Structure formats: C-alpha cells, structure tokens
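This one's a predicted model, so the numbers in the text were calculated from it and none came from an experiment. Position 1 is the first residue of the sequence, and the numbers go up from there. Counting starts at 1 for both ligands and their atoms, following the listed order.
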Amino acid sequence: MGEPVVVVGGGAAGLMAAGSAALRGARVILLEKTDELGKKLQIAGKGRCNLTNAGDREELIAGYAAGGRFLQSAFARFDNKALIDLLARLGVPTKVERGRRVFPVSDDARQVVRALTGWIEELGVEVRLNHPVGSLVAAGGSSRRIVGCLVKDRLLPGEKVILCTGGSSYPGTGSTGDGYRMAAELGHRITPLRPALVPLRSSAAWVKDVQGLALRNVRATLRVDDKELSSEFGEMLFTHFGVSGPIILTLSRSATDFWQSRPGEPLTLTIDLKPALTPEKLDLRLQRDFSKYSRKQLLNGLRDLLPKALIPVILLLTELDPTKPVHQVTREERRALGRIIKGVPLAITGSLPLAAAIVTAGGVDLKEVDPRTMESRLVKGLYLAGEVLDIDGYTGGYNLQAAFSTGWLAGRAAAD
Ligand SMILES: Cc1cc2nc3c(=O)[nH]c(=O)nc-3n(C[C@H](O)[C@H](O)[C@H](O)COP(=O)(O)OP(=O)(O)OC[C@H]3O[C@@H](n4cnc5c(N)ncnc54)[C@H](O)[C@@H]3O)c2cc1C
C-alpha cells in the first residue's frame, strides 16, 4: 500500500473524513492531540448533540452567517439526509425537534461519538491518540505539495493530509486553534478570528437579580443608536454577567461583527416580553388584570402577565413604586408600563471571550480552498474540513453539519 491519508484532528470533521477516505479504500491514519476522540462532540447540544438541521437545501445554506454558498458542493455529496441515514445504519436513530433540530433519539452525544469511532475502527482507520501535530510540511517551489506532518518533531510522511483541527473555542476539548497557525505557515490567509454564538455581557445591575430566569417566546432586538442590527424570536436566559440562550447566541453573531469595525461600542438589547400582543391589546390586558387585582399592590397585580422574578425589574425600569395600590395607577403610568413590557432595555457592553464561544467565526479563507474537493488551492494534497475553515452557522445543528459534510467530501477527494 502507498502512503496513507493522514487526518489531523479527531473531532466531527476528522472522524467523518477518516471514515469517508477509508470507505474509498485508502489507508488512513488519524492523529488526535488529546487522549480521546470527539471531545467537543460529546458536549455538543448540552450533551444531547444537535447533529444537524432537517431543513431543505436552501434552508440549510441559509443557516450560515459565513460559508453557506461555499458548502453547496459538500451538501450535494453529503447533506443532512445522508448524515441521518449514515447514523441510522450505525445504530443511532434520530428525531426532529423544534426548529427542525435533529438529535439522537437517545439524547446522548456520547452514543454518536461511540458510533462514529466504532465505524472508523471497523473500516481499519489507524487511530493515534496523544499525537499532537506541530506543523505541516510541504515541498516544491511555486507549485507546492504536502509531504507530511511533524508529530513531536518526527516526520510522518503523507501525500494527502486533511486538516480538521477545529476552531479556537472551548480549548479544553483540544480545539486550541493549532490549524490556523499551521495553515498560515503554508501561506493560507486566515480571516480575523472572533467569537460567534457567544453569550453577551450587560452593565445593567439588575441582571444578577434575575440570573437563571429563562424567557420563552420573546423577541429580542439588538440596536445601535436606534438602528436595528438584528432581531430574533424564541428563548433566552439571564446569567450573572448578562444574557445567553438560543436567540442571544444567534444575535451575538451580528454584535461581534459590529464590534469588528467599532470595537467596544455599547449596544442596546430590547426584549419584547409579549410579542404576540400589539401595544393596544397589551393595554387592554393590563386593564383587565388591574381590575382583577385592584386592591393589591402593583407588585402583585402583574403576576398573571409576567414571570415573578421580572416584575420588580419592570417596575424599576418604569420608575413605579411596587407597593403602590393597583387602583391608583394612572393611565399614563399603565401605558409606560406597557412600553417597557414591549421593550425591556438592556445595555450590552461586550461578549464573553472566544474561548467561551460555541463557534469561532473567521478561519482559513474560503477563496483558497476548492469547494468541490476541500483541497487547498495553494498546497497540493492538503485538504481542510470543519471549523478551521471560515465557516460558521447559527444554532440549530448547522455547525456540526458543516463539519460532517466538509469532512466527508475531503476524505473522499483525498482517497481518490
Ligand atoms: C459547548 C458547545 C456546544 C455545541 N453544540 C453544538 C450543537 O449542538 N450543534 C452543532 O451543530 N454545533 C455545536 N457546536 C459546534 C460544533 O461542536 C463544532 O463546530 C464542531 O465540533 C467542529 O468540528 P471540527 O471537527 O471542525 O472541530 P472539533 O470538533 O473541535 O475537533 C477538532 C479536533 O482536532 C484536535 N486537534 C486540534 N489541534 C490538533 C493538533 N495540533 N494535532 C492533532 N489534533 C488536534 C482536537 O483535539 C479535536 O479533537 C458546539 C460547540 C460547543 C463548544
């Protein structure tokens, strides 16, 4: 047998690349830096692993803030349906939840890792754990080609190397951004790295008082001076430092983009707690509740409408005395209350760092990678897959699907 296909990194993309290359008959060596495969995969989706999204092709492509179009060829070869079919064959049936998010029926990410690991082992992939690749080695002048990689200063020869080292977030999982450096050393341009899908910090003192409170069916809108940057409907969460949860993570993508050009500039998040009600309907609802609770204090007059923990905050922001009897609330005060309920303002001062992000935005410039094969346009025999590329998706399973699809395509092309 000739030289092996060397896969660097045993995460979602690396496992898929190794399996796909081995399926095509290649001898495959998978080098993983840590003592375990798929560490990030195991914590994905809070340990339940939101594998992919069941949307159609166009919806899938629209699920990426960067790289959606680039993924078209990869999806043509291996899309969400192909992934779901493969996992079913490997004994991992899946189910579809809200927002077309796909999870294993077992709700257990470790089952996915076990299935993929078992699959590549059965296909004869040689897995080498605790093998950190230090750099990639290329030869030749103007038309360079890959000749192998250095592991602990020893050259492992390989005419085909698939770089699947992931992003820079959650470094405890092994994804410490090594691939960006290795690709840059071979001349690849790395677009600026920044957190995507990351919780946001707020300077408002009251968020600490409501930490742990989750809000469902709300609309959150991110604004700079009154101009809307982006808006999302769904679920969010208050934390001790600010806000998190699905819609906040999605909104964070436009926030971190904004801070690229205007670093440190504060943003405002407004939260519509009752998006299904017009201001008029909300006012009628307040009137009804206030006549029901007319003898109570304001603090208790809102308990049918708002989560208990949030009522003191809403009254604080409206500058209303919580002990005021409900029947003494004026029409103007009631309308002011309605305005706050339709737009709770929250000053956003920044995001958590890249290490705490779900995904890294930025990465190897897609212009330098052939979307039909994932081969580098600069170095022959070098393939790139997964988060190391300048691809990032919204929440909903898009990031894992990108890693699986690009991994599959790279493995196949490298084996051919
Ligand atoms: C908390 C959390 C939850 C998430 N949940 C979801 C979700 O539910 N759905 C979804 O779609 N996405 C989710 N993501 C994102 C998704 O997990 C990643 O986008 C995806 O894992 C990227 O796959 P990858 O193979 O490119 O990189 P990774 O999965 O990060 O794998 C990279 C691998 O390369 C190895 N490596 C790194 N450097 C070297 C080196 N020098 N030598 C050898 N090996 C090396 C690492 O140890 C690691 O094993 C989540 C991310 C996080 C952090």
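- Here is the list of ligand 1 atoms found below 4.0 Å of a heavy atom in T34: 47 (O).
- Counting only N and O atoms by type, the side chains of R101 and T395 include a donor and acceptor under 3.5 Å apart.
- Exactly one residue among T176, V151, T165 makes a side-chain contact (heavy atoms from CB on, under 4.5 Å) with K33. That residue is T176.
- Within the 4.0 Å heavy-atom criterion, the part of A403 lying near ligand 1 is the side chain and not the backbone.
- Here the heavy atom of the protein found nearest to atom 27 (O) of ligand 1 is G166 CA, 3.2 Å.
- Under a 4.0 Å criterion applied to the non-hydrogen atoms of P132, ligand 1 contributes the atoms 42 (N).
- In summary, the atoms of ligand 1 found under 4.0 Å from a heavy atom of G386, numbered by their order in the structure, are 26 (O).
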Note to self: Between S106 and Q111, does the side chain to side chain donor-acceptor pair (under 3.5 Å) criterion hold? Intermediate values first, please.
What the structure shows: CA-CA 8 Å; S106 64; Q111 187 199 15; 2.5 Å; yes

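- When only interatomic distances are considered, the shortest N/O to N/O separation between A12 and ligand 1 falls below 3.5 Å.
- Between R303 and D289, no side-chain nitrogen of the basic residue sits less than 4.0 Å from a carboxylate oxygen of the acidic one, so the salt-bridge criterion is not met.
- Looking only at side-chain heavy atoms (C-beta outward), V133 and D178 stay at 4.5 Å or farther from each other.
- Taking every heavy atom of G11 and a limit of under 4.0 angstrom, the matching atoms of ligand 1 come to 25 (O), 29 (O), 31 (O), 33 (C), 49 (O).
- Among protein heavy atoms, the minimum distance from atom 53 (C) of ligand 1 is reached at Y170 CD1, 3.3 Å.
- Taking all heavy atoms of C149, P171, G174, G47 into account, the minimum distance to atom 37 (C) of ligand 1 is reached by G174.
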Next item on the list: Dump the intermediate steps for side-chain contact (heavy atoms from CB on, under 4.5 Å) on V344 and L310, then the final yes or no.
Entry: CA-CA 10 Å; V344 182; L310 209 54; 5.5 Å; no

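- The heavy atom nearest to atom 38 (N) of ligand 1, considering only D178, T176, T360, is found in D178.
- A salt bridge links R110 with D108: the distance from a Lys NZ or Arg NE/NH1/NH2 to an Asp or Glu carboxylate oxygen falls below 4.0 Å.
- An N or O contact shorter than 3.5 Å is missing between V388 and ligand 1 by distance.
- Looking at atom 30 (O) of ligand 1, its nearest protein heavy atom turns out to be S175 OG, 2.6 Å.
- Y398 and Y64 have perpendicular rings, their planes meeting at more than 60° on a 0 to 90° scale where under 30° would count as parallel.
- Atoms of ligand 1 found under 4.0 Å from any heavy atom of T173, numbered from 1 in the order shown, are 47 (O).
- Of the protein's non-hydrogen atoms, I358 CG2, 3.4 Å is the one closest to atom 50 (C) of ligand 1.
- Here the side chains of L315 and L302 are in contact, with some heavy-atom distance below 4.5 Å.
- Ligand-side atoms of ligand 1 in range of N50: 7 (C), 8 (O), 9 (N), 10 (C), 11 (O), range being under 4.0 angstrom from any heavy atom.
- Within the 4.0 Å heavy-atom criterion, the part of C164 lying near ligand 1 is the backbone and not the side chain.
- Between A13 and ligand 1, at least one N/O pair is under 3.5 Å apart.
- A salt bridge between D85 and R89 is absent, with no side-chain N of the basic residue lying under 4.0 Å from a carboxylate O of the acidic one.
- Contact annotation for H131 and ligand 1: only backbone heavy atoms (N, CA, C, O) come within less than 4.0 Å of the ligand.
- Between L382 and H188, some side-chain heavy-atom pair lies under the 4.5 Å cut-off.
- Scanning all protein heavy atoms for the shortest distance to atom 34 (O) of ligand 1 gives G9 CA, 3.2 Å.
- Residue Y398 has at least one heavy-atom neighbour below 4.0 Å for each of these atoms of ligand 1: 11 (O).
- Of all atoms in ligand 1, numbered sequentially from 1 with element shown, those under 4.0 Å from a heavy atom of L31 are 43 (C), 44 (N).
- Shortest contact from atom 3 (C) of ligand 1 to any protein heavy atom: A44 CA, 3.6 Å.
- Using a 4.5 Å heavy-atom cutoff, the side chains of M16 and L86 are in contact.
- Within the structure, ligand 1 has M182 among the residues with a heavy atom less than 4.0 angstrom away.
- In this structure the side chain of E59 never reaches within 4.5 angstrom of the side chain of N53, judged on heavy atoms.
- The nearest protein atom to atom 39 (C) of ligand 1, hydrogens excluded, is given as T165 CG2, 3.6 Å; this is a heavy-atom distance.
- Between E58 and R69, at least one side-chain N (NZ, or NE/NH1/NH2) sits under 4.0 Å from a carboxylate O, which counts as a salt bridge.
- E387 OE1, 3.5 Å is the protein heavy atom nearest to atom 22 (C) of ligand 1.
- The shortest N or O to N or O distance between V133 and ligand 1 is under 3.5 Å.
- Under the 4.5 Å side-chain criterion, counting only non-hydrogen atoms from C-beta, R285 is in contact with D304.
- Within the structure, ligand 1 lacks K39 among the residues with a heavy atom less than 4.0 angstrom away.
- Nearest residue to atom 47 (O) of ligand 1 from Q42, K46, E32, K33 is E32 (criterion: closest heavy atom).
- Side-chain contact check for W408 versus L23: some heavy-atom pair is nearer than 4.5 Å.
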